[in-house]
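Comments concern the structure below.
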Amino acid sequence: MVRSDAIVLTDIATRFGTHWIQRHLDLTVRCGEILAIVGGSGTGKTTLLRAMMGLVPIAEGRMTILGENPQEFNLRELIALRQRWGVLFQQGALFSALTVYENIAFPLLEWGHLSRSEISDLVALKLQMVGLKPSDAWKLPAELSGGMVKRVALARALAMEAEILFLDEPTSGLDPIAAAEFDALLRQVHGDIGFTVVMVSHDLDSLAATADRVAVLADGKVLTVGSLIEVQQVDFPYIRAFFHGERGERLLTSLRAAEKCPTLPSAAQSGSATPVGPESAPR
């Protein structure tokens, strides 16, 4: 039986101490879609994302993820489940003392039970997947541009063949050109592999370029969820301010004219990856 939903949140509540962040929140993430979560400051976008990942406890309600209920799992079962998704944190969160190769290889060494030769091949494939050169494998994070940091973080998040990818403000800190390149890369890799994406973003251009659906948080719950065109039609103060400013209106006008979100160039033809294992490191 094919599973249609990757994540189902039912009557969810989160809180810090006595302060409730969300109450009676319902949200379904479909398998294979890119769902973007937006909302005003303090609505708990990142808290909700972290609750899905198990980094913030769910105070009330029920969640199923990849058909499983993690609230019923023991620690070993939780660890196994968490290996089925990847995370790209807002600033990339690369290990500053490790090279690009070592950052991408880290989850494979920790959980993969693979030989070093197999890890080398996989790292090469992930580098190629995100548009980086084999020579980039031996750079430290401090030697990378902001866009390269995000590409390495994406490669690491996908190292374990993730079924779900969680992204927290993936284009934050990038200039418009680098942000557009990352959006195109995400859409390309998503089209090639077909994993599910849940991302928090406030970047209108990124939403238009990547998101299949948008969920708007307000008043501790999901106010509405739908396509960008559908969501912007809801009459609510945050939606009016976010989507109907000058920039938002320009974007929505172009989307209406196209009658759908802009399509991206097809994925580049794949070639054989160049090994980047320890034996190929510069001496």
### Message
Between K221 and D26, is the salt bridge (charged side-chain N to carboxylate O under 4.0 Å, His left out) condition met? List the steps.
### Response
CA-CA 7 Å; K221 52 181 64 70; D26 297 301; over 6 Å; no

### Query
What do the steps show when you test L165 against W85 for side-chain contact (heavy atoms from CB on, under 4.5 Å), and what is the final call?
CA-CA 6 Å; L165 182 63; W85 61 71; over 6 Å; no

### Message
Run the side-chain contact (heavy atoms from CB on, under 4.5 Å) test on T47 and F16 for me, step by step, so that the C-alpha distance in whole Å, both residues' side-chain angles and the decisive distance to 0.1 Å come before the verdict.
### Response
CA-CA 10 Å; T47 299; F16 294 114; 3.8 Å; yes

### Message
Before you tell me yes or no, could you show the steps for T171 and D203 under side chain to side chain donor-acceptor pair (under 3.5 Å), namely the whole-Å CA-CA distance, both residues' side-chain angles and the distance that decides it to 0.1 Å?
### Response
CA-CA 8 Å; T171 57; D203 186 333; 3.2 Å; yes

#### Entry: side-chain contact (heavy atoms from CB on, under 4.5 Å) assessment of F243 paired with L204
CA-CA 8 Å; F243 291 102; L204 272 170; 3.7 Å; yes

### Task
Start with the C-alpha distance between E102 and W138, add both sets of side-chain angles, then the distance that settles side-chain contact (heavy atoms from CB on, under 4.5 Å), and finish with yes or no.
CA-CA 8 Å; E102 291 166 333; W138 308 110; 5.6 Å; no

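Between D168 and M199 there is no side-chain heavy-atom pair separated by less than 4.5 Å. A heavy-atom distance below 4.5 Å is not found between the side chains of V130 and V152. Counting heavy atoms from C-beta on, the side chains of P170 and L186 never come closer than 4.5 Å. Considering only heavy atoms from C-beta on, I79 comes within 4.5 Å of Q83 through its side chain. The closest side-chain heavy-atom distance from V123 to L127 is below 4.5 Å. Using a 4.5 Å cut-off on side-chain heavy atoms (C-beta onward), I119 and Y101 make contact. When side chains are defined from C-beta on, F73 counts as touching E68, because their heavy atoms get closer than 4.5 Å. Put simply, the side chain of D235 reaches to within 4.5 Å of the side chain of R240, judged on heavy atoms.
Closest non-hydrogen pair, L25 versus Q22, comes out as CD1-CG, 3.5 Å. Closest of all the heavy-atom pairs between F166 and M53 is CD1-CG, 3.4 Å. Closest approach of P141 and L94 over heavy atoms only: CG-CB, 4.0 Å. Taking both residues in full, the closest heavy atoms of N103 and L98 are given as ND2-O, 3.2 Å, listed atom of the first, atom of the second, then distance. Contact detail for G32 and T196: the closest heavy-atom pair is N-OG1, 2.8 Å. For the pair Q232 and I229, the tightest heavy-atom approach, listed with the atom from each and the gap, is NE2-O, 3.0 Å.
Side-chain atoms of D136 come within 3.5 Å of backbone atoms of K133 as a donor-acceptor pair (strictly under, hydrogens ignored). A donor-acceptor distance shorter than 3.5 angstrom exists from the side chain of Q71 to the backbone of G61, with no hydrogens or angles considered. In this structure a side-chain-to-backbone donor-acceptor pair under 3.5 Å is present from D175 to I177. Judged by distance alone, with hydrogens and angles left aside, the side-chain atoms of T43 form a donor-acceptor pair with the main-chain N or O of G40 at under 3.5 Å. At distances below 3.5 Å, at least one donor-acceptor pair connects side-chain atoms of S227 with backbone N or O atoms of E230. Without hydrogens or angle criteria, N74 side chain to E77 main chain gives a donor-acceptor distance under 3.5 Å.
Atom CZ in F182 sits 8.5 Å away from atom CZ in R151 (nearest 0.5 Å). Taken to the nearest 0.5 Å, the SG atom of C31 stands 8.5 Å off from the CD atom of E163. Distance OG1/T10 to CD1/I12: 7.0 Å, rounded to 0.5 Å. Atom-to-atom distance recorded for K126:NZ and L132:CG is 13.5 Å, nearest 0.5 angstrom. The structure places OG of S206 at 9.0 Å from CD1 of I34, a figure rounded to the nearest 0.5 Å. Interatomic distance, CG of L27 versus CG of L35, reported as 5.5 Å (0.5 Å rounding).
Hydrophobic clustering, with ILVMFWY side chains joined whenever heavy atoms are under 4.5 angstrom apart, groups V231 together with L223. The cluster map of Ile, Leu, Val, Met, Phe, Trp and Tyr, joined by side-chain heavy atoms under 4.5 Å apart, puts W20 and I37 in different clusters. Clustering ILVMFWY residues whenever any of their side-chain heavy atoms sit less than 4.5 angstrom apart, transitively, puts L174 in the very cluster that holds V149. Taken together through direct or relayed side-chain contacts under 4.5 Å among Ile, Leu, Val, Met, Phe, Trp and Tyr, L185 and L144 form part of one hydrophobic cluster. Cluster membership for V198 and V56, using ILVMFWY side-chain heavy atoms within less than 4.5 angstrom, is not shared.
Ring orientation note: the planes of F95 and F106 are tilted relative to one another, at an angle of 30° to 60°.
Under the 4.0 Å criterion applied to side-chain N and carboxylate O atoms, D212 and R187 are assigned as salt-bridge partners. A salt bridge is absent between R62 and D11; no separation between the charged side-chain nitrogens and carboxylate oxygens falls under 4.0 Å.
Heavy atoms from other residues, nucleotides or ligands lying under 6.0 Å from CZ of R50 number 12 at most.
Counted by atom type alone, T64 and N69 present zero donor-acceptor pairs between their side chains at under 3.5 Å.
Pairs engaging residues 32-45 under the salt bridge (charged side-chain N to carboxylate O under 4.0 Å, His left out) rule: E33-R213 [sequence neighbours left out].
Under the side-chain contact (heavy atoms from CB on, under 4.5 Å) criterion, A93 pairs with F89, R156, not counting sequence neighbours.
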